[in-house]
Amino acid sequence: MRAGAPGRAAVELHGGRTTAAMRGRLLATVRHMLRLDEDLSGFYAVAAADPELAWAAGGAGRMLRSPTVFEDVVKTVCTTNTSWSATTKMTTALVEHLGDPAPDGRRAFPSAAAMAAVEETFYREIVRAGYRAPYLCELADSVASGAVDVEALADPGLGDDEVAARLLALPGIGPYGAAHVMLTSLGRYSRLVLDSWTRPTYARLAGRKTADATIERRFRRRYGEWAGLAFWLYLTKGWVQ
DNA sequence: CGTCCAGGTCTAC
DNA sequence: GGTAGACCTGGACGC
């Protein structure tokens with residue numbers, strides 16, 4: 001995927017021939033990943049009245065997500081207590097060793113079944129996941145066996161509290177991970193992602209160090225169910241402006 | 001070469 | 001319910 005003309009994105013296909021059905025599925029996946037059908041008008045209505053976030057009301061806030069919730073959960077575990085370079089190395093190793101290969105040799109992110117088929121030593125020695133190795137094994141096993149259905153967390157019929165509780169029950173997912181998966185993968189914007197990057201970034205922008213509870217109160221008061229998205233955009237304004 | 005720590009979580013008080 | 005300590009790894013940093 002690459003940027004096309006303003007307001008457009010282009011998808012490049014590598015490898016063999018494609019059928020209309022394949023292209024249809026690909027388009028649906030890309031729409032899903034880019035969250036093109038998301039309705040953020042409720043958020044924009046509030047943001048427009050906020051001098052700090054009025055810029056976002058022009059169309060910001062579509063969080064890129066993976067094709068599956070499982071992939072986002074695994075990647076999120078690989079962001080915890082480590083550097084971004086290590087995160088990319090871990091996820092790259094998963095793809096290179098367990099991913100389903102395409103005709104051109106490129107590989108997709110592995111399925112839960114593929115991840116469940118290898119031993120814990122694979123995650124330690126090849127993926128270099130360290131103490132996360134047993135978390136990744138248990139996660140893959142429970143999803144592959146059907147004991148846990150992480151895709152079901154996208155069900156709009158579920159409340160945020162219920163979804164958060166189920167995410168927190170997953171191995172390697174704590175408050176940060178749950179908030180991160182909810183914001184990026186599930187389109188649930190109420191939780192603030194508080195971690196070693198967002199805290200100091202907020203402190204810098206706000207001009208002073210602030211307790212988590214205070215930050216949450218500020219954003220919840222003004223943005224309610226959109227608090228997490230508002231917080232994220234407040235922090236990342238510099239990325240796009 | 002030792003220490004610290006990076007987009008935290010879990011366990012045991 | 002809140003809070004120390006341990007936890008893999010590897011790059012950055014001070015010595």
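Residue numbering restarts at 1 for every chain, and letters A, B, ... go by the order of the sequence lines.
Mapping A:Pro171 and A:Trp197 onto DNA chain B by nearest heavy atom places A:Trp197 closer to the 5' end of the strand. Residue order along DNA chain C, read from the 5' end via each residue's closest nucleotide, puts A:Tyr131 first among A:Lys89 and A:Tyr131. In terms of position along DNA chain B, the nucleotide closest to A:Ser85 lies nearer the 5' end than the nucleotide closest to the other residue of the pair A:Leu168 and A:Ser85.
Spacing of P atoms, C:dC15 relative to B:dC5, comes out at 14 Å, to the nearest Å. B:dC10 and C:dG10 have their C1' atoms separated by 23 Å, with the value rounded to a whole Å. When the P atom is compared between B:dG8 and C:dG1, the two are found 25 Å apart, to the nearest whole Å. One P atom belongs to C:dC13, the other to B:dG7, and the distance between them is 13 Å to the nearest Å.
Under a 4.0 Å N-O distance rule, the pair A:Asp37/A:Arg31 qualifies as a salt bridge.
In this structure, A:His180 contributes its side chain and A:Tyr176 its backbone to no donor-acceptor pair below 3.5 Å. Formation of a donor-acceptor pair under 3.5 Å by the A:Arg65 side chain with backbone atoms of A:His32 is found in this model. Although no hydrogens or angles enter the test, the distance criterion places a donor-acceptor pair under 3.5 Å between the side chain of A:Thr198 and the main chain of A:Val193.
Nucleic acid contact class of A:Ile173 (heavy atoms, under 4.0 Å, all strands): sugar-phosphate only. Backbone-only engagement by A:Thr80 is indicated by non-hydrogen atom pairs under 4.0 Å involving sugar-phosphate atoms exclusively. Within 4.0 Å of A:Thr79, counting heavy atoms only, lie sugar-phosphate atoms of the nucleic acid but no base atom. Within 4.0 Å of A:Leu235, counting heavy atoms only, lies no atom of the nucleic acid at all.
Just one residue in the list A:Asp160, A:Asp161, A:Asp155 forms a salt bridge (Lys or Arg N to Asp or Glu O under 4.0 Å) with A:Arg188, and that residue is A:Asp160. When the options A:Thr76, A:Asp72, A:Thr184 are evaluated for a side-chain hydrogen bond (donor to acceptor under 3.5 Å, both in side chains) with A:Ser66, the one that passes is A:Asp72.
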Exercise. If you write DNA chain B from 5' to 3' in dot-bracket form, with Watson-Crick or G-U pairs under 3.5 Å, [ ] for crossing pairs and | for pairs with another strand, what do you get?
Worked result: ||||||.||||||
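With 3.5 Å as the limit, one finds a donor-acceptor pair spanning the side chains of A:Arg218 and A:Tyr202.
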For this session: For the pair A:His97 and A:Val118, evaluate side chain to side chain contact (heavy atoms under 4.5 Å, CB included) and give the outcome as yes or no after the intermediate values.
Result: CA-CA 10 Å; A:His97 291 89; A:Val118 293; over 6 Å; no
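In this structure, A:Glu120 atom CD and C:dC8 atom C1' are separated by 12 Å, rounded to whole Å. Between the CZ atom of A:Arg132 and the C1' atom of C:dA6 there is a distance of 13 Å, rounded to whole Å. Protein atom OH of A:Tyr135 is 8 Å distant from nucleotide atom C1' of C:dC7, rounded to whole Å. Between A:Arg124 atom CZ and C:dT9 atom P the separation is 7 Å, expressed in whole Å.
Ring geometry, A:Phe43 versus A:Trp226: the interplanar angle falls from 30° to 60°, so the pair is classed tilted. Ring planes of A:Trp197 and A:Trp239: tilted class, angle from 30 to 60°.
First and last contacting nucleotides of DNA chain B toward chain A (any atom under 4.0 angstrom from a heavy atom, 5' to 3' order): B:dA6 to B:dC10.
Proximity of A:Arg128 to the phosphate of C:dC8: no side-chain N or O atom is located under 4.0 Å from OP1 or OP2.
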